[in-house]
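By convention here, the first residue in the shown sequence is residue 1.
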Amino acid sequence: MKLLLVEDNATMQVTLSRALERRGLQVLTCDDGLRALGVWRQSQPDAVLLDLSLPGQDGLEVLAQARAAGLRTPVIILTARGTVGDRILGLNTGADDYLAKPFDLDELEARVRALVRRASGSDAPASTAWCGMTVDAESGAVYHQGTPLELTPRELALLRAVLARPGHAIAKERLFELVFPGEKEVQTEAIEVVAYRLRKKIAHTGAQLVTLRGLGYLLKAP
């Protein structure tokens with residue numbers, strides 16, 4: 001598997017490249033936003049790890065240009081900008097996933113491999129058709145029978161997370177990280193409020209967001 005790492009921090013670039021290569025991945029690097037698109041086109045990687053704060057051109061601009069040019073390579077944004085707003089902006093621009101720095105290397109590798117499997121068609125996610133709900137790969141929006149669901153960014157983040165693994169329990173702590181990334185001042189129980197509101201908004205789809213005490217939440221069909 002070949003990755004393109006676009007990261008201008010020399011220490012981070014070297015450390016991450018070596019760590020991923022030790023795990024059997026081939027890593028190409030680029031440290032400039034203006035050159036990133038050219039390297040992307042030329043190298044044809046299986047996935048792109050993209051920082052946002054780049055010299056020459058912001059990572060979001062690189063991503064937008066790549067998608068406009070028809071490059072469908074899976075992209076994971078790696079950045080210190082960890083707010084929900086930044087995450088939603090990245091997903092809406094065309095990113096497939098988002099990890100806020102600092103992140104766990106095991107989680108990064110797992111996400112990369114999962115994205116590449118799905119892109120190759122060897123691991124098609126069940127969430128593409130769950131109770132009539134689909135996730136738009138470009139915008140990250142969720143549709144029910146062709147109509148977009150009116151959700152807040154946090155409700156959308158929660159729904160996308162459970163749609164990725166319908167019928168499987170996802171820990172409350174993991175969902176909290178996805179819905180409230182980097183927000184240390186927010187109590188873990190806040191995820192229950194988001195879940196309560198989301199549960200009402202998707203009731204008409206037939207899908208049920210179920211609370212499993214001690215385990216977390218899962219999405220089930222009627």
Undergrad: Just so I know, are the side chains of Leu71 and Leu37 near enough to count as touching, which here means a heavy-atom distance under 4.5 Å?
TA: yes
Undergrad: Tell me every residue that passes side-chain contact (heavy atoms from CB on, under 4.5 Å) with Ala221, counting only those two or more places apart in sequence or in another chain.
TA: Trp130, Cys131
Undergrad: Run the salt bridge (Lys or Arg N to Asp or Glu O under 4.0 Å) check on Lys172 and Glu192 step by step: do they pass?
TA: CA-CA 9 Å; Lys172 180 190 293 187; Glu192 298 174 7; 2.7 Å; yes
Undergrad: Apply side chain to side chain donor-acceptor pair (under 3.5 Å) to Glu109 and list each qualifying residue two or more places apart in sequence or on a separate chain.
TA: Arg23, Arg113
Undergrad: The criterion is side-chain contact (heavy atoms from CB on, under 4.5 Å); which residues satisfy it with Thr152, sequence neighbours excluded?
TA: Arg154, Glu155, Lys201
Undergrad: Using the ring pair (Phe, Tyr, Trp, His ring centres under 6.0 Å) rule, collect all pairs that involve residues 189-209, keeping only residues at least two apart or in two chains.
TA: His144-His204
Undergrad: Which pairs, with at least one residue in residues 206-218 and sequence neighbours excluded, count as a side-chain hydrogen bond (donor to acceptor under 3.5 Å, both in side chains)?
TA: Arg199-Thr211
Undergrad: Listed by chain and number, what are the side chain to side chain donor-acceptor pair (under 3.5 Å) partners of Ser43, not counting sequence neighbours?
TA: none
Undergrad: For residues 40-52, pull every pair meeting salt bridge (charged side-chain N to carboxylate O under 4.0 Å, His left out), keeping only residues two or more places apart or in separate chains.
TA: Asp51-Lys101
Undergrad: For Ile202, is there any backbone N or O sitting under 3.5 Å from a side-chain donor or acceptor partner on Thr205?
TA: yes
Undergrad: Which residue pairs pass the ring pair (Phe, Tyr, Trp, His ring centres under 6.0 Å) test with at least one member in residues 31-65, sequence neighbours excluded?
TA: none
Undergrad: In terms of heavy-atom contacts, does CD of Glu189 have more than 12 from other residues, nucleotides or ligands at under 6.0 Å?
TA: yes
Undergrad: State which residues pass side chain to side chain donor-acceptor pair (under 3.5 Å) with Glu107; sequence neighbours excluded, sorted by chain then number.
TA: Arg111, Arg174
Undergrad: Among residues at least two apart in sequence or on other chains, which ones pass side-chain contact (heavy atoms from CB on, under 4.5 Å) with Pro55?
TA: Asp8, Asp32
Undergrad: Who passes side chain to side chain donor-acceptor pair (under 3.5 Å) against Arg197, sequence neighbours left out?
TA: none
Undergrad: Which residues pass the side-chain contact (heavy atoms from CB on, under 4.5 Å) test with Ala203, not counting sequence neighbours?
TA: none
